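Take a look at the structure below.
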Amino acid sequence: MEIFTTGALLSDYLKKKKNTGKTIGFIPTMGALHDGHLSLLKNAASKTDLVVCSIFVNPTQFTDPKDLENYPRPIEKDIRKLEDSPCDILFLPDVAEMYSKGEVWQIDLGDLDKILEGKIRPGHYQGVTQIVKKLFDIVKPDYAFFGQKDYQQFMVISKMVDILKLDVKLIMCSIIREPDGLAMSSRNIYLSKTERIQALVLSRALIRTKSEFDQYDISELKSNAVNAINIREGIQLEYFEICDGETLMPVSSKQPKSLVALIAARISHTRLIDNIILK
Ligand code: PAF
(Lines give C-alpha, C1' and ligand atoms only; values in the text may rest on other atoms or scores of the structure.)
Protein backbone atom coordinates (compact mmCIF):
# COMPACT_ATOMS: atom_id res chain seq x y z
CA MET A 1 0.00 0.00 0.00
CA GLU A 2 1.30 3.45 -0.91
CA ILE A 3 0.72 6.41 1.42
CA PHE A 4 0.31 9.96 0.12
CA THR A 5 0.04 13.05 2.30
CA THR A 6 -0.32 15.69 -0.40
CA GLY A 7 -3.18 16.09 -2.83
CA ALA A 8 -0.95 17.21 -5.70
CA LEU A 9 1.24 14.08 -5.64
CA LEU A 10 -1.75 11.75 -5.25
CA SER A 11 -3.64 13.47 -8.02
CA ASP A 12 -0.64 13.15 -10.43
CA TYR A 13 -0.16 9.49 -9.54
CA LEU A 14 -3.84 8.64 -10.06
CA LYS A 15 -4.02 10.59 -13.33
CA LYS A 16 -1.25 8.38 -14.75
CA LYS A 17 -3.07 5.24 -13.57
CA LYS A 18 -6.35 6.44 -15.12
CA ASN A 19 -4.54 7.09 -18.41
CA THR A 20 -3.60 3.40 -18.49
CA GLY A 21 -7.31 2.50 -18.22
CA LYS A 22 -7.47 1.72 -14.49
CA THR A 23 -10.73 2.43 -12.67
CA ILE A 24 -10.60 4.01 -9.21
CA GLY A 25 -12.76 3.14 -6.20
CA PHE A 26 -12.67 5.60 -3.30
CA ILE A 27 -13.58 5.22 0.37
CA PRO A 28 -13.35 8.47 2.35
CA THR A 29 -13.12 7.87 6.10
CA MET A 30 -12.24 9.63 9.33
CA GLY A 31 -10.23 6.62 10.52
CA ALA A 32 -10.83 4.47 13.63
CA LEU A 33 -11.49 1.78 11.07
CA HIS A 34 -13.79 -1.16 11.83
CA ASP A 35 -15.32 -4.03 9.86
CA GLY A 36 -17.88 -1.64 8.33
CA HIS A 37 -15.04 0.27 6.62
CA LEU A 38 -13.34 -2.98 5.65
CA SER A 39 -16.51 -4.13 3.90
CA LEU A 40 -16.50 -0.87 1.89
CA LEU A 41 -12.91 -1.62 0.84
CA LYS A 42 -13.88 -5.15 -0.22
CA ASN A 43 -16.82 -3.82 -2.21
CA ALA A 44 -14.54 -1.32 -3.93
CA ALA A 45 -11.96 -4.01 -4.72
CA SER A 46 -14.63 -6.19 -6.34
CA LYS A 47 -15.70 -3.36 -8.64
CA THR A 48 -12.60 -1.30 -9.43
CA ASP A 49 -8.88 -1.76 -10.27
CA LEU A 50 -7.41 0.61 -7.70
CA VAL A 51 -8.78 1.13 -4.18
CA VAL A 52 -8.04 4.49 -2.55
CA CYS A 53 -8.93 5.15 1.09
CA SER A 54 -8.57 8.51 2.82
CA ILE A 55 -8.27 9.12 6.54
CA PHE A 56 -8.97 12.69 7.55
CA VAL A 57 -10.77 13.85 10.68
CA ASN A 58 -12.60 16.72 9.04
CA PRO A 59 -12.89 19.72 11.42
CA THR A 60 -15.64 21.49 9.44
CA GLN A 61 -18.20 18.74 10.04
CA PHE A 62 -17.89 18.80 13.84
CA THR A 63 -20.38 21.01 15.62
CA ASP A 64 -18.84 20.41 19.05
CA PRO A 65 -15.12 21.27 19.47
CA LYS A 66 -14.82 18.69 22.30
CA ASP A 67 -16.15 15.97 19.99
CA LEU A 68 -13.48 16.91 17.40
CA GLU A 69 -10.74 16.94 20.04
CA ASN A 70 -11.78 13.56 21.45
CA TYR A 71 -12.45 11.82 18.13
CA PRO A 72 -10.39 8.58 18.09
CA ARG A 73 -7.25 8.72 15.92
CA PRO A 74 -5.58 5.27 16.16
CA ILE A 75 -3.54 5.89 13.01
CA GLU A 76 -0.91 3.14 13.44
CA LYS A 77 -3.65 0.55 13.97
CA ASP A 78 -5.60 1.90 10.99
CA ILE A 79 -2.56 1.63 8.71
CA ARG A 80 -2.02 -1.98 9.80
CA LYS A 81 -5.69 -2.78 9.07
CA LEU A 82 -5.46 -1.17 5.64
CA GLU A 83 -2.27 -3.09 4.86
CA ASP A 84 -4.16 -6.33 5.57
CA SER A 85 -7.12 -5.28 3.43
CA PRO A 86 -7.62 -4.71 -0.29
CA CYS A 87 -6.41 -1.09 -0.16
CA ASP A 88 -3.84 0.13 -2.72
CA ILE A 89 -3.47 3.74 -1.65
CA LEU A 90 -4.00 5.64 1.59
CA PHE A 91 -4.43 9.41 1.44
CA LEU A 92 -3.50 10.88 4.80
CA PRO A 93 -3.52 14.68 4.58
CA ASP A 94 -3.33 17.14 7.46
CA VAL A 95 -5.71 20.07 7.99
CA ALA A 96 -3.39 22.61 6.28
CA GLU A 97 -3.30 20.38 3.19
CA MET A 98 -7.09 20.34 2.89
CA TYR A 99 -8.08 23.86 4.02
CA SER A 100 -6.84 27.39 3.53
CA LYS A 101 -7.51 29.95 6.28
CA GLY A 102 -10.95 31.55 6.36
CA GLU A 103 -12.33 29.32 3.62
CA VAL A 104 -16.14 29.25 3.40
CA TRP A 105 -18.42 26.74 1.69
CA GLN A 106 -22.13 26.79 1.13
CA ILE A 107 -24.13 24.53 -1.14
CA ASP A 108 -27.91 24.75 -1.32
CA LEU A 109 -29.12 21.29 -0.36
CA GLY A 110 -32.71 22.42 0.20
CA ASP A 111 -34.09 20.88 3.39
CA LEU A 112 -31.88 17.82 3.26
CA ASP A 113 -29.15 19.24 5.52
CA LYS A 114 -31.60 20.88 7.93
CA ILE A 115 -33.68 17.90 9.02
CA LEU A 116 -32.88 14.90 11.28
CA GLU A 117 -29.09 15.00 11.85
CA GLY A 118 -28.89 18.43 10.23
CA LYS A 119 -31.34 19.86 12.75
CA ILE A 120 -29.37 18.56 15.71
CA ARG A 121 -25.95 19.29 14.19
CA PRO A 122 -26.47 22.46 12.09
CA GLY A 123 -23.70 22.87 9.52
CA HIS A 124 -22.57 19.26 9.82
CA TYR A 125 -23.54 18.25 6.27
CA GLN A 126 -22.12 21.46 4.79
CA GLY A 127 -18.79 20.37 6.31
CA VAL A 128 -19.25 16.86 4.92
CA THR A 129 -20.00 18.08 1.39
CA GLN A 130 -17.09 20.52 1.56
CA ILE A 131 -14.51 17.85 2.37
CA VAL A 132 -16.01 15.19 0.09
CA LYS A 133 -15.94 17.64 -2.85
CA LYS A 134 -12.28 18.45 -2.11
CA LEU A 135 -11.40 14.75 -1.87
CA PHE A 136 -13.31 13.93 -5.09
CA ASP A 137 -11.40 16.73 -6.88
CA ILE A 138 -8.10 15.14 -5.85
CA VAL A 139 -8.94 11.45 -6.33
CA LYS A 140 -11.38 11.77 -9.26
CA PRO A 141 -12.86 8.35 -8.47
CA ASP A 142 -15.06 6.39 -10.86
CA TYR A 143 -16.93 5.00 -7.85
CA ALA A 144 -17.16 6.19 -4.24
CA PHE A 145 -18.40 3.88 -1.49
CA PHE A 146 -20.32 4.98 1.60
CA GLY A 147 -22.01 3.04 4.39
CA GLN A 148 -25.79 2.96 4.76
CA LYS A 149 -25.31 3.71 8.46
CA ASP A 150 -25.28 7.43 7.73
CA TYR A 151 -28.17 7.20 5.29
CA GLN A 152 -28.73 10.96 5.33
CA GLN A 153 -25.06 11.57 4.52
CA PHE A 154 -25.42 9.35 1.44
CA MET A 155 -28.48 11.33 0.27
CA VAL A 156 -26.71 14.65 0.93
CA ILE A 157 -23.62 13.61 -1.05
CA SER A 158 -25.85 12.25 -3.87
CA LYS A 159 -27.57 15.62 -4.03
CA MET A 160 -24.23 17.44 -4.18
CA VAL A 161 -23.07 15.12 -6.99
CA ASP A 162 -26.30 15.90 -8.90
CA ILE A 163 -26.11 19.66 -8.34
CA LEU A 164 -22.44 19.95 -9.29
CA LYS A 165 -22.77 17.30 -12.02
CA LEU A 166 -19.75 15.39 -10.67
CA ASP A 167 -18.57 12.44 -12.71
CA VAL A 168 -18.63 9.80 -9.97
CA LYS A 169 -21.01 6.94 -9.17
CA LEU A 170 -21.96 6.57 -5.52
CA ILE A 171 -22.47 3.12 -4.04
CA MET A 172 -24.33 2.63 -0.76
CA CYS A 173 -23.09 -0.46 1.13
CA SER A 174 -25.18 -2.27 3.77
CA ILE A 175 -24.72 -1.61 7.46
CA ILE A 176 -22.34 -4.06 9.12
CA ARG A 177 -23.58 -5.11 12.55
CA GLU A 178 -22.02 -6.81 15.56
CA PRO A 179 -23.46 -10.32 16.15
CA ASP A 180 -25.95 -8.83 18.65
CA GLY A 181 -27.21 -6.25 16.14
CA LEU A 182 -25.34 -3.08 17.17
CA ALA A 183 -24.36 -1.14 14.04
CA MET A 184 -20.58 -0.86 13.75
CA SER A 185 -19.36 2.66 14.42
CA SER A 186 -16.06 4.34 15.29
CA ARG A 187 -17.90 5.79 18.30
CA ASN A 188 -18.79 2.38 19.80
CA ILE A 189 -15.40 2.33 21.54
CA TYR A 190 -16.65 5.12 23.84
CA LEU A 191 -19.36 2.82 25.28
CA SER A 192 -18.85 1.18 28.67
CA LYS A 193 -19.98 -2.44 29.11
CA THR A 194 -23.37 -1.33 30.48
CA GLU A 195 -23.84 1.35 27.82
CA ARG A 196 -22.93 -1.17 25.11
CA ILE A 197 -25.87 -3.33 26.29
CA GLN A 198 -28.17 -0.30 26.59
CA ALA A 199 -27.28 0.69 23.01
CA LEU A 200 -28.86 -2.48 21.66
CA VAL A 201 -32.27 -0.87 22.06
CA LEU A 202 -31.58 1.15 18.88
CA SER A 203 -31.13 -1.76 16.48
CA ARG A 204 -33.88 -3.73 18.25
CA ALA A 205 -36.37 -0.89 17.78
CA LEU A 206 -35.51 -0.75 14.07
CA ILE A 207 -35.75 -4.51 13.59
CA ARG A 208 -39.08 -4.52 15.43
CA THR A 209 -40.39 -1.73 13.17
CA LYS A 210 -39.43 -3.72 10.09
CA SER A 211 -40.99 -6.93 11.38
CA GLU A 212 -44.24 -5.08 12.33
CA PHE A 213 -44.32 -3.07 9.11
CA ASP A 214 -47.30 -4.88 7.51
CA GLN A 215 -49.31 -5.00 10.74
CA TYR A 216 -49.44 -1.32 11.77
CA ASP A 217 -49.79 2.10 10.24
CA ILE A 218 -46.94 4.64 10.35
CA SER A 219 -48.01 6.41 13.55
CA GLU A 220 -48.47 3.08 15.38
CA LEU A 221 -45.08 1.84 14.16
CA LYS A 222 -43.50 5.04 15.46
CA SER A 223 -45.20 4.98 18.85
CA ASN A 224 -44.40 1.26 19.33
CA ALA A 225 -40.71 1.95 18.71
CA VAL A 226 -40.54 5.16 20.75
CA ASN A 227 -42.33 3.55 23.72
CA ALA A 228 -40.00 0.55 23.62
CA ILE A 229 -36.99 2.89 23.68
CA ASN A 230 -38.31 5.25 26.35
CA ILE A 231 -38.94 2.51 28.92
CA ARG A 232 -35.22 1.65 28.77
CA GLU A 233 -32.81 3.27 31.17
CA GLY A 234 -29.81 5.27 30.03
CA ILE A 235 -31.12 6.22 26.58
CA GLN A 236 -31.90 9.77 25.52
CA LEU A 237 -33.80 9.43 22.27
CA GLU A 238 -33.16 12.35 19.89
CA TYR A 239 -35.39 11.18 17.07
CA PHE A 240 -37.07 8.14 15.65
CA GLU A 241 -38.61 8.90 12.26
CA ILE A 242 -40.06 7.00 9.37
CA CYS A 243 -39.15 8.94 6.24
CA ASP A 244 -39.41 8.92 2.49
CA GLY A 245 -36.22 7.12 1.43
CA GLU A 246 -35.37 9.80 -1.14
CA THR A 247 -36.39 13.16 0.35
CA LEU A 248 -36.00 12.04 3.98
CA MET A 249 -39.20 13.92 4.81
CA PRO A 250 -41.21 12.20 7.59
CA VAL A 251 -44.21 10.34 6.17
CA SER A 252 -47.68 9.62 7.49
CA SER A 253 -48.55 6.94 4.93
CA LYS A 254 -46.79 3.96 3.38
CA GLN A 255 -47.30 5.31 -0.12
CA PRO A 256 -43.79 6.62 -1.03
CA LYS A 257 -41.70 4.31 -3.24
CA SER A 258 -39.08 3.82 -0.53
CA LEU A 259 -39.29 4.18 3.23
CA VAL A 260 -36.56 4.23 5.86
CA ALA A 261 -36.70 4.34 9.66
CA LEU A 262 -33.94 6.46 11.21
CA ILE A 263 -32.93 6.77 14.83
CA ALA A 264 -30.47 8.86 16.86
CA ALA A 265 -29.90 8.60 20.59
CA ARG A 266 -27.42 9.45 23.29
CA ILE A 267 -26.17 6.81 25.65
CA SER A 268 -24.44 8.87 28.33
CA HIS A 269 -21.91 10.99 26.34
CA THR A 270 -21.99 8.87 23.19
CA ARG A 271 -24.26 9.75 20.31
CA LEU A 272 -25.26 6.88 18.02
CA ILE A 273 -27.28 6.73 14.80
CA ASP A 274 -28.78 3.78 12.98
CA ASN A 275 -31.44 3.06 10.36
CA ILE A 276 -33.28 0.33 8.52
CA ILE A 277 -34.80 0.31 5.04
CA LEU A 278 -38.48 -0.66 5.39
CA LYS A 279 -39.47 -0.54 1.75
O1 PAF B 1 -18.63 9.22 7.06
C2 PAF B 1 -17.53 9.74 7.36
O3 PAF B 1 -16.64 9.10 7.93
C4 PAF B 1 -17.29 11.20 7.02
O5 PAF B 1 -18.44 11.96 7.17
C6 PAF B 1 -16.68 11.41 5.62
C7 PAF B 1 -17.61 10.96 4.52
C8 PAF B 1 -15.36 10.66 5.53
C9 PAF B 1 -16.38 12.90 5.40
O10 PAF B 1 -15.48 13.38 6.34
Side-chain angles (χ1 to χ4, degrees), residues 4 7 10 24-41 43-44 51-65 67-75 77-78 81-82 85 87 89-95 97-99 103 105 107 109 112-113 116-118 120-139 141 143-161 164 166 168-176 183-190 248 262 264 270-275:
F4 288 82
L10 175 60
I24 297 170
F26 180 43
I27 297 102
T29 81
M30 298 208 299
L33 302 177
H34 49 70
D35 285 354
H37 295 112
L38 300 183
S39 91
L40 300 181
L41 292 160
N43 260 296
V51 177
V52 181
C53 175
S54 64
I55 296 182
F56 179 66
V57 180
N58 174 36
T60 66
Q61 72 187 75
F62 284 80
T63 44
D64 173 359
D67 191 21
L68 171 61
E69 198 183 309
N70 296 335
Y71 199 82
R73 292 166 171 87
I75 192 62
K77 246 188 182 173
D78 282 348
K81 284 186 184 169
L82 288 174
S85 76
C87 180
I89 292 154
L90 167 62
F91 182 41
L92 193 58
D94 62 14
V95 175
E97 179 64 20
M98 296 311 291
Y99 288 106
E103 210 180 309
W105 165 269
I107 183 168
L109 298 161
L112 207 47
D113 63 331
L116 303 166
E117 284 304 288
I120 290 165
R121 307 169 73 193
H124 167 68
Y125 286 123
Q126 288 294 330
V128 169
T129 49
Q130 183 179 22
I131 192 63
V132 171
K133 169 71 168 61
K134 282 170 181 278
L135 291 167
F136 281 179
D137 285 347
I138 293 168
V139 177
Y143 295 89
F145 299 79
F146 295 89
Q148 184 200 317
K149 194 172 79 68
D150 195 338
Y151 189 96
Q152 188 174 3
Q153 168 169 278
F154 187 86
M155 299 318 284
V156 159
I157 295 170
S158 302
K159 185 147 188 180
M160 174 185 76
V161 165
L164 303 179
L166 303 180
V168 54
K169 283 197 183 59
L170 304 183
I171 312 277
M172 186 197 277
C173 302
S174 312
I175 298 175
I176 304 297
M184 289 199 184
S185 163
S186 305
R187 294 177 191 270
N188 290 352
I189 56 167
Y190 297 143
L248 286 187
L262 302 112
T270 309
R271 192 167 180 276
L272 297 178
I273 57 170
D274 199 352
N275 66 76

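Note that ligands are numbered from 1 as they come in the structure, with each ligand's atoms numbered from 1 the same way. None of these values were measured; they are calculated from a predicted model.
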Of the backbone atoms (N, CA, C, O) and the side-chain heavy atoms from C-beta on, which set of T29 has a member under 4.0 Å from an atom of ligand 1: side chain, backbone, both, or neither? backbone

I'd like to know if D150 contacts ligand 1, where contact means a heavy-atom distance under 4.0 Å to any ligand atom. no

Side chain to side chain contact (heavy atoms under 4.5 Å, CB included) assessment of Q130 paired with I107: CA-CA 9 Å; Q130 183 179 22; I107 183 168; over 6 Å; no

May I ask you to check if ligand 1 and Q61 share an N or O to N or O distance below 3.5 Å? yes

Tell me whether the rings of F56 and Y99 are parallel (<30°), tilted (30 to 60°) or perpendicular (>60°). tilted

Interatomic distance, K81 atom NZ to L38 atom CG [nearest 0.5 angstrom]: 7.0 Å

For the pair E103 and M98, evaluate side chain to side chain contact (heavy atoms under 4.5 Å, CB included) and give the outcome as yes or no after the intermediate values. CA-CA 10 Å; E103 210 180 309; M98 296 311 291; over 6 Å; no

Walk me through whether L272 and N188 qualify under side chain to side chain contact (heavy atoms under 4.5 Å, CB included). CA-CA 8 Å; L272 297 178; N188 290 352; 3.5 Å; yes

pair I189-P72: side-chain heavy atoms closer than 4.5 Å: yes

Which atoms of ligand 1 are found less than 4.0 Å from any heavy atom of I131? 9 (C), 10 (O)

Nearest heavy atom to atom 6 (C) of ligand 1, choosing from K134, Q153, Q130, belongs to Q153

Any idea which of G127, S186, S185, P28 brings a heavy atom closest to atom 8 (C) of ligand 1? P28

Closest to atom 3 (O) of ligand 1 (heavy atoms only, candidates H124, M98, H37, M30) is M30

